[in-house]
Structure formats: C-alpha cells, structure tokens
2 protein chains.
Amino acid sequence: MAQVRPMRADARRNRERLLAAAVEAFAAQGEGASLDDIAKRAGVGAGTLYRHFPTRRALLEAMYSDRIEAIAERAGELAERLPAGAALVAWLDELGLGMIQMRGLRALLSSSVGGGEEAGRGAGGASSDCCDPLRQAVARLVGDAQRAGELRRDVGAMDVLRLVHGVAMACGEAVGGTSVGDAGDAEGAEGAERAEDVGERLRRYVGLLMEGLRARG
Amino acid sequence: MAQVRPMRADARRNRERLLAAAVEAFAAQGEGASLDDIAKRAGVGAGTLYRHFPTRRALLEAMYSDRIEAIAERAGELAERLPAGAALVAWLDELGLGMIQMRGLRALLSSSVGGGEEAGRGAGGASSDCCDPLRQAVARLVGDAQRAGELRRDVGAMDVLRLVHGVAMACGEAVGGTSVGDAGDAEGAEGAERAEDVGERLRRYVGLLMEGLRARG
DNA sequence: ACCTGAACACCGTTCAAGT
DNA sequence: ACCTGAACACCGTTCAAGT
C-alpha cells in the first residue's frame, strides 16, 4: 500500500509542488483547468505531471483524499454526539458543503456514484475508489437512522448519497476564492453567488429531502 | 422574431443537415461531441457550422427547443386531467425522463437554472433563454399545487426545478441508443445502465422528493 | 449572402534524450 | 529513477478566397 521505496527527494518535492499548483488552478479556473498550465505553475515539465498523476482523476483524488477522509471521519463523531437522524442530516450538510467548496470533488463523486459523465472512471480495476470512505460513512449513518426508526427502510445508502450529490450539484456555483483578473466577460463572476447563500440553500434542500426520507410514524 | 428574410435554400438545407448530424453525434458520443465531426457528418465546412450556431449552446438549444416546448405544453394537459399535486408529480417525471434521454438538455438546464458550469451561458443578454417555457410550466403547476394545499408554500418554482434537475443528474447515465462500435474499453458501456432501470430510479427519487415537498396536513 | 477549407491557437499525451 | 521539453494529434475558431 505505502511506497515500497521512499521517493527520491526531487520527486517528492515535485509532487508537492504539483498538488499545490493544482489546488490553486482548480480554485481559480474551475474543473478542467489546463494540466499544462498546472505543470508550468509548478515549474516542472509536462511529463512529470503525467508520471505522478496519469489521469486528471488521479490528480483530483490526490488533491482531495485528505479532505474526503476528514469528512468520512466526521461521521463517527456526529454519530456519537447526536441522535441517529440528526447525525445523518448534519453529516449530509457537511458533505454537501464540501462538494460545493471543492468543485473537483463533485466530479469525483459523480463518476464514483454513477451520476454523470465528467471525470471518467480510471481504466482498470474500477472497484477501488477514493470515495469508498464516504460510502462507508453514509452506510453507517443510514443504518443507524433506520434502526432508530428515523429513516424509511426502503431507501439504501447509495440512494441517499446519490440524492445529496444531485442536490449539491443543483445548488449552484459558489463564487471561488482567488478569482484571477480574467480578461473575459465583464461584470465579474456572472451567475455565481455568495458562498453563504449557496450554503444556506444547500441546507434547505437537504432538509426538504430528509423530510421525504423520514420514516412516517 | 421570425427571420426577416427567408433563408437561402442551400442555407436552410445545411442548417437541417447540421441539426440532424448533431442529434446523431450527441446521441452516440454524448455531450462534447466534436463540433468538427458534426460538420463533417453533415458534409459542410466548419465555418458553416459556426455561421448557423455560434456557440455549442446555440446548437443544443436549436436541437432541443422543439422537445422542450412539447414538455412545457404537457403541463397544461396534465393540469386539466389531474389534481394539482398529481399533475406536478407526473410532469416532473416527464421532465426528468427528458433530461435523462437528452444528455444535452441536462447541460442546458444546468446553466439555465444556475446549477453547474457546463455549457456556459451565452454572452450578451443572459436573460432570454430556451428554458423559459419550462420555467413557466413549473411555475404554473407549483402555484396550482400550493393553492390546492398539496404543496408546501415555502418553496418556490425554481427550487422545485433545481431539485428535480439535481435528482435527474444524480440518477445515472442511461445507455445511449446507437452506440457506435467504439474501439475503446471492452465490456461495452461500463457503468451505464438499462434505460428502464434509470427511468424507474428517477420516478422513485421524484416520489421521495415530493414526499418532502408535500404540505403536511 | 453564403460556403469552403486552410490556418492558427490551444490542450492533452507521449517519448527520446538527458542527469 | 526521475526529469525535461520538443513533437504529435486533436479540437475549436477565424477568415480570406470563392460562388
């Protein structure tokens, strides 16, 4: 699992630089930022990027895997502190906010959850997946809520994940952090909204959704 | 609104050919089919495509405007034949199925509804929009259902549109009609599912969603 | 008035040559 | 073992030349 032999010092440094540049680029230009551009920002050759991250998806996974695991771990904390139904709602809010903040994560989950066609699945063993921790987390919370009689028993964990994913995608685009002074359209980020507004909308939508998923007494 | 002067015969013919080729290409290759390819299929020069459809979005709008209007008109029929709540559900099912069948329509609605970043809004007067008929249709059905006491009054028509759009996006990719024998991955359309399965899932999800949106008596 | 297709810019991806 | 960067293929877009 871990590297058999530690990476050469320059390789490790390049890897870090690439990841940092990628975070910047995706934040500023959204998904589909130019890979060539990322390599240049990082000050490495294009080939080096491909050596470390053979696909765009691999790069996204590396960027977000820490954050994904952190979100997955929150499930355990919430499950301890809150009743099962509330824990599920709270966790889904956090997941949705994560997807709104990290544009790339949406594409990842998209292909991981069977949602869309962006960020094509890697060729090969399609099964192992960076979103596995999320799947496990939602399975646990959904199971708890069902056993507690707070959630319909005719929906599965994947249904819940898919629905929240869809809702988050439908919530709109929050205006990104460091938007570079693009020479493009005037009027600034047309159509984008204040991050808080989008976040609030997400919570409303997750609430409505949960209303439908709640077990009827 | 209508053409001031009728198009020259060859122009009209090319336009038809381009639309037919586009329908084929989008069905076979999904969104983001090559525009150059579409021009070649249609047997016209690349410049001709741009003359008729300056942006990818313009092409998609022209392709789907008939279908969009047909769906919008269904709202009136359903409103006459069914109680307000049932009419809304039935119409949302049809809209969702439309979005699943027409991959391009999802991207259109995405940008139209403030959902995603695909299919960038056309520069210029962003207000007029091919999805206006859908907006009007949903506004009518939502209003009816609210007046009939069958729908919460704290949600707006756009909320409903966004939610159903999100749910449809989350439903997964139906396997397309005429999938050309691509030399790509083995195993056929990996991850795509039988159209009926996706359609059934959509109906389930719309049902769950409506459960949350229903007015509590 | 409209069409053609060569030309240009840009991006992803590969690979021979370097250290 | 890893990096570089030129080279290639592909796609969107424009525009001078044609009819």
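Here A/Lys40 pairs with A/Asp36 in a salt bridge; the nearest charged N to carboxylate O distance falls below 4.0 Å.
Here the side chain of B/Arg152 pairs no donor or acceptor atom with the backbone of B/Leu213 at under 3.5 angstrom. Under a 3.5 Å cut-off, the side chain of B/Asp159 and the backbone N or O of B/Gly156 do form a donor-acceptor pair. Without hydrogens or angle criteria, B/Arg41 side chain to B/Ala21 main chain gives no donor-acceptor distance under 3.5 Å. Side-chain atoms of B/Trp91 do not come within 3.5 Å of backbone N or O of B/Ala79 as any donor-acceptor pair.
The nearest whole Å value for the distance from the CZ atom in B/Arg13 to the C1' atom in C/dC2 is 12 Å. Protein atom NE2 of A/His52 is 9 Å distant from nucleotide atom C1' of D/dC3, rounded to whole Å. For the pair A/Leu35 CG and C/dC10 P, the computed distance is 16 Å after rounding to whole Å. Straight-line distance from the CG atom of B/Asn14 to the C1' atom of C/dG5: 14 Å, rounded to whole Å. Atom CG in B/Asp36 sits roughly 13 Å away from atom C1' in C/dA7 (whole-Å rounding). Spacing between atom CD1 of A/Ile38 and atom C1' of C/dT13 amounts to 15 Å, rounded to whole angstrom units. Rounding to whole angstrom units, CG of residue B/Leu49 and P of C/dG5 are separated by 14 Å. Here C/dG5 presents its P atom at 16 Å from CZ of B/Arg51, a figure rounded to the nearest Å.
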| task | Starting at the 5' end of DNA chain D, write a dot or bracket for each base, bracketing those in Watson-Crick or G-U wobble pairs whose two distances are under 3.5 Å and using | for partners on another strand. | result | ||.|||||...|||||.||
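Counting non-hydrogen atoms of neighbouring residues, nucleotides and ligands closer than 6.0 angstrom, the CD atom of B/Glu77 exceeds 12 such neighbours.
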| task | Encode nucleotides 14-19 of chain D as B, S and - characters from 5' to 3', where the letter depends on protein heavy atoms closer than 4.0 Å: B to the base, S only to sugar-phosphate, - to neither. | result | BB----
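One distance of note links OH of A/Tyr50 with CZ of A/Arg56; it measures 8.0 Å at 0.5 Å rounding.
Listed nucleotides C/dG12, D/dC2, C/dC3 differ in distance to A/Arg56; the shortest reach to its side chain belongs to C/dG12. Minimum atom distance to the side chain of B/Ser34 is reached by D/dG12, of the listed D/dG12, D/dC3, C/dC2.
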| salt bridge (Lys or Arg N to Asp or Glu O under 4.0 Å) assessment of B/Glu61 paired with B/Arg57 | CA-CA 6 Å; B/Glu61 290 193 0; B/Arg57 185 188 171 86; 2.9 Å; yes
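In this structure, B/Val206 and B/Val167 approach most closely via the heavy-atom pair N-CG1, 4.5 Å.
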